[in-house]
2 protein chains.
Amino acid sequence: MMKDEVLTTMSNRYQAEVGKNRPTMRHVAALAGVGIKTVSRVMNNEPGVSEATRLRVVGASQQLNYQLDMTAGSLRRSGRQTLSVGLLLPSVSNPFSSEIHRAMEDALSVRGIAVFAASLDDDPEREKALVAAFLGRRVDGLVLTPIARSQAYVIPEHSRDLPTVFIDREPVGVEADAVVTDNAAGAAKAAAHLISRGHRKLAYLGDRTDIQTARERRRGFLESLAAAGIATSAIPIREGLHDEESARQATHELLASDDPPTAIFSSQNLVTFGAMRGLKELNANKRIALVGFDDFALADMMDPGITVVAQHPERIGKLAAERILARIDGDQSAPQTYVVPSELIVRGSGELAPPG
Amino acid sequence: MMKDEVLTTMSNRYQAEVGKNRPTMRHVAALAGVGIKTVSRVMNNEPGVSEATRLRVVGASQQLNYQLDMTAGSLRRSGRQTLSVGLLLPSVSNPFSSEIHRAMEDALSVRGIAVFAASLDDDPEREKALVAAFLGRRVDGLVLTPIARSQAYVIPEHSRDLPTVFIDREPVGVEADAVVTDNAAGAAKAAAHLISRGHRKLAYLGDRTDIQTARERRRGFLESLAAAGIATSAIPIREGLHDEESARQATHELLASDDPPTAIFSSQNLVTFGAMRGLKELNANKRIALVGFDDFALADMMDPGITVVAQHPERIGKLAAERILARIDGDQSAPQTYVVPSELIVRGSGELAPPG
DNA sequence: ATGGTCACTGACAACGTTGTCATTACACCC
DNA sequence: GGGTGTAATGACAACGTTGTCAGTGACCAT
């Protein structure tokens with residue numbers, strides 16, 4: 001009697017109802033007339049289920065529109081994988097970042113891994129907060145563009161074997177994989193290119209010096225000048241430029257000086273845009289040579305086309321994804337920094353000859 | 001005796017060890033000498049904990065580097081929220097899409113909601129697969145750019161009250177909120193602008209006609225011509241263009257015809273790029289007027305600057321996020337389509353006068 | 001018959017958390 | 001002094017799943 005009553009309650013509770021409440025394995029099991037473990041086996045394509053049973057379960061799950069709950073599964077599952085990784089970028093809408101994002105998505109989606117992406121906006125506090133948010137969601141890996149002065153705060157996670165890869169910039173205070181562009185070599189290539197075209201009076205437009213990559217690019221630029229025997233003391237170095245407008249102004253100031261440069265190297269996307277704008281306003285775009293770091297859309301449609309040192313965000317993203325996957329798969333080798341070479345793309349603006 | 005042994009085992013198991021294993025509330029509770037429910041209260045800032053106890057728990061959790069497990073919490077928590085939403089875009093690296101992504105992130109992050117973003121690549125199969133992947137992760141909401149012929153497959157979820165918002169295009173086969181640009185009105189604005197400058201021989205370069213927005217834009221364009229009394233039968237309509245190269249070729253063909261147009265309307269980003277390239281190659285960029293749908297970086301740096309009908313992806317994203325939040329908060333009002341107006345931005349290419 | 005292997009299946013505990021509820025201690029009031 | 005209220009606390013079950021393990025037949029070889 002008692003027992004029957006309980007059974008009735010049970011079957012009522014889990015009986016097939018296509019309603020508002022999301023069905024669980026219990027509902028599917030009840031409808032298919034099997035145990036929940038069998039449903040689990042079917043949903044996960046585990047062996048050891050007869051074809052007849054499998055079909056009944058599949059039918060029931062379709063009838064109820066059942067969807068396996070990965071969050072519950074990862075709680076119990078050994079290894080606890082959530083099949084998700086966190087990606088921290090300067091901004092998801094920045095073209096360079098979003099290329100990386102896309103390349104990572106492609107590499108990770110074949111393994112069924114989803115990507116949480118978030119934007120840092122140069123805010124070190126956000127960096128820590130977003131990492132915490134990712135950790136709270138138990139991501140299987142972390143891919144970060146470091147902003148804060150130190151990344152030592154990830155040490156506890158890292159020592160718990162959470163796969164971590166830094167991109168664009170190397171981390172400070174932790175030993176971890178990193179995927180970066182050859183910033184110094186790229187900038188050196190740009191300088192050497194301008195020098196080979198006869199330029200001696202170069203100028204440098206650079207980003208904020210607290211950014212590691214900006215310092216690297218300046219170093220490469222100056223080393224290249226030194227190697228060509230050009231006194232770097234006479235070279236105007238304008239730094240701290242972080243947007244188009246400040247770069248535009250700096251360009252105006254450079255060209256208004258007593259001894260204006262005949263060629264400009266701009267160390268970053270937005271700075272290049274500002275320089276282009278400044279040169280055009282002064283009607284100097286066909287006279288002053290320009291090489292920019294970072295490629296951008298329509299660079300070839302400018303007048304003249306803009307010669308750049310291109311980074312390869314898609315390769316950076318792919319490589320970062322491969323490193324994360326390797327670590328997830330248990331790779332315990334020592335952390336390493338991977339360098340993705342940059343590439344000089346000749347389009348005209350860098351080939352303008354100096355006057356005379 | 002027995003009891004003591006068990007207790008010893010317990011305390012060993014949960015004793016403070018800063019090791020590889022991620023600590024749980026039990027570890028924190030054991031270290032702080034409280035029950036796990038008290039730890040839960042502290043971590044969730046629930047009231048009813050004395051300040052002294054709170055401090056002990058906070059201390060213990062910091063010492064162990066404890067991180068609340070949101071996935072476990074959302075399993076038990078009433079309402080089951082995971083504080084995450086899924087976002088399906090044509091491609092995360094497409095500038096229009098990534099602006100939407102960014103705007104949504106900004107609006108959702110203030111509520112602590114993280115975004116899963118994924119790319120569709122015009123593949124209807126991927127659309128369904130990615131929605132399933134999001135559902136398996138129990139997202140609190142879904143924001144989709146529909147690709148497939150019908151979105152009826154989300155009906156079961158929708159009837160389970162899963163907040164769903166479509167962006168860019170309206171869904172087919174479901175009633176749900178949508179946030180779209182005024183495609184027809186925008187294209188009409190472009191045509192009217194060219195007509196007001198004296199053009200009568202216009203040409204239309206359009207995207208694939210299976211895309212709803214492309215059809216809308218063509219409709220607006222043609223209606224605007226008809227309203228001005230221009231016979232639309234004589235207007236060359238080139239459609240099915242989906243990349244720069246095909247648009248470039250179409251431009252060449254248009255200008256090589258017996259009675260070439262004096263103005264071109266291109267219905268989309270990449271098509272505009274192809275048209276620009278084609279016109280430049282034919283040295284016609286300062287002669288043939290051009291208005292494009294979609295704004296893009298450096299449009300003002302072209303020669304002449306490119307006049308466009310700009311969409312406002314940041315407003316679309318913000319609005320979509322607001323709708324999702326409202327639905328998450330229980331808004332049960334009837335689904336609605338929200339239209340974000342486009343904007344004509346005059347830069348030169350659309351103001352070139354017809355010859356004569 | 002007996003024993004052994006094998007394929008299939010489900011009961012049960014556990015994952016880490018939170019909702020419910022009971023318990024304790026103490027202050028307060030008549 | 002007894003009753004009442006309230007703040008603080010923890011035991012316990014439950015969320016939906018999967019790992020473990022034991023059970024059931026069927027089948028084959030002895």
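Naming: A, B, ... by sequence-line order, numbering from 1 per chain. Note that the structure is a prediction, hence the values are computed from the model and not measured.
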Smallest separation among heavy atoms of B/A176 and B/T164, with atom names: CB-O, 4.1 Å
Between D/dC15 (P) and B/R80 (CZ): distance, integer Å: 8 Å
Length of the CD-P vector between A/E46 and C/dA7, whole Å: 15 Å
Per A/L68 side chain, nearest of listed nucleotides D/dT17, D/dG19, C/dG19: D/dT17
Residues forming a ring pair (Phe, Tyr, Trp, His ring centres under 6.0 Å) with A/F116, sequence neighbours excluded: B/F116
Partners meeting side-chain hydrogen bond (donor to acceptor under 3.5 Å, both in side chains) with A/T71 (sequence neighbours left out): A/D69
Nearest-neighbour nucleotide for the A/L75 side chain, D/dG16, D/dG10, D/dG19 considered: D/dG16
Net bend of the helix from C/dA1-D/dT30 to C/dC30-D/dG1, end axes of five pairs each, nearest 10 degrees: 50°
Side-chain N,O (A/S40) to OP1/OP2 (D/dT18) below 4.0 Å: yes
Worked verdict on B/D123 versus B/K128 for salt bridge (charged side-chain N to carboxylate O under 4.0 Å, His left out): CA-CA 9 Å; B/D123 180 349; B/K128 282 174 218 170; over 6 Å; no
Closest nucleotide among D/dT9, C/dT18, D/dG16 to the B/R41 side chain: D/dT9
Partners meeting side-chain hydrogen bond (donor to acceptor under 3.5 Å, both in side chains) with B/S84 (sequence neighbours left out): B/T82
Atom-pair distance (CZ on B/R22; C1' on C/dT17), nearest Å: 15 Å
Members of residues 48-60 of chain B that approach DNA chain D, where some heavy atom sits under 4.0 Å away: B/G48, B/V49, B/S50, B/T53
Gap between atoms CE and P, on B/M25 and C/dG16 respectively (whole Å): 12 Å
Pairs touching residues 166-175 of chain B that satisfy side chain to side chain donor-acceptor pair (under 3.5 Å), sequence neighbours left out: B/E170-B/T337
Proximity to DNA chain D (any heavy atom under 4.0 Å), residues of residues 108-116 of chain A only: none
Set of salt bridge (charged side-chain N to carboxylate O under 4.0 Å, His left out) partners for A/E322, sequence neighbours left out: A/K318
side-chain hydrogen bond (donor to acceptor under 3.5 Å, both in side chains) against B/S150, all qualifying residues, sequence neighbours excluded: none
Listed nucleotide nearest any side-chain atom of A/I36, set C/dG16, D/dT18, C/dG10: D/dT18
Proximity to the side chain of B/T38 - top-ranked nucleotide from C/dT17, D/dT9, C/dT9: D/dT9
Integer-rounded Å distance: C/dG16 C1' and A/Q81 CD: 18 Å
Residues which pass side-chain hydrogen bond (donor to acceptor under 3.5 Å, both in side chains) with A/D121, listed by chain and number, not counting sequence neighbours: B/R102
Residue pairs involving residues 49-67 of chain B (criterion salt bridge (charged side-chain N to carboxylate O under 4.0 Å, His left out); sequence neighbours excluded): B/E51-B/R54
Whole-Å distance separating the CZ atom of B/R26 from the P atom of C/dT18: 12 Å
Partners meeting salt bridge (charged side-chain N to carboxylate O under 4.0 Å, His left out) with B/R126 (sequence neighbours left out): A/E105
Backbone N/O of B/V165 and side chain of B/D177: donor-acceptor pair under 3.5 Å: no
Side-chain donor/acceptor contact of B/R76 with base of C/dT18 under 3.5 Å: yes
Minimum-distance nucleotide to A/K37 side chain [options: D/dT18, C/dT17, C/dC15]: D/dT18
B/M43 CE to C/dT18 C1', straight-line distance once rounded to whole Å: 14 Å
Nearest-Å distance for atom pair CZ/C1', residues B/R77 and D/dG16: 16 Å
Per A/N44 side chain, nearest of listed nucleotides C/dT18, D/dG16, D/dT18: D/dT18
Candidate nucleotides D/dG16, D/dT18, C/dG16, ranked by approach to the side chain of A/T24 - the nearest: D/dG16
B/D140 side-chain N/O to B/L83 backbone N/O, donor-acceptor pair under 3.5 Å: yes
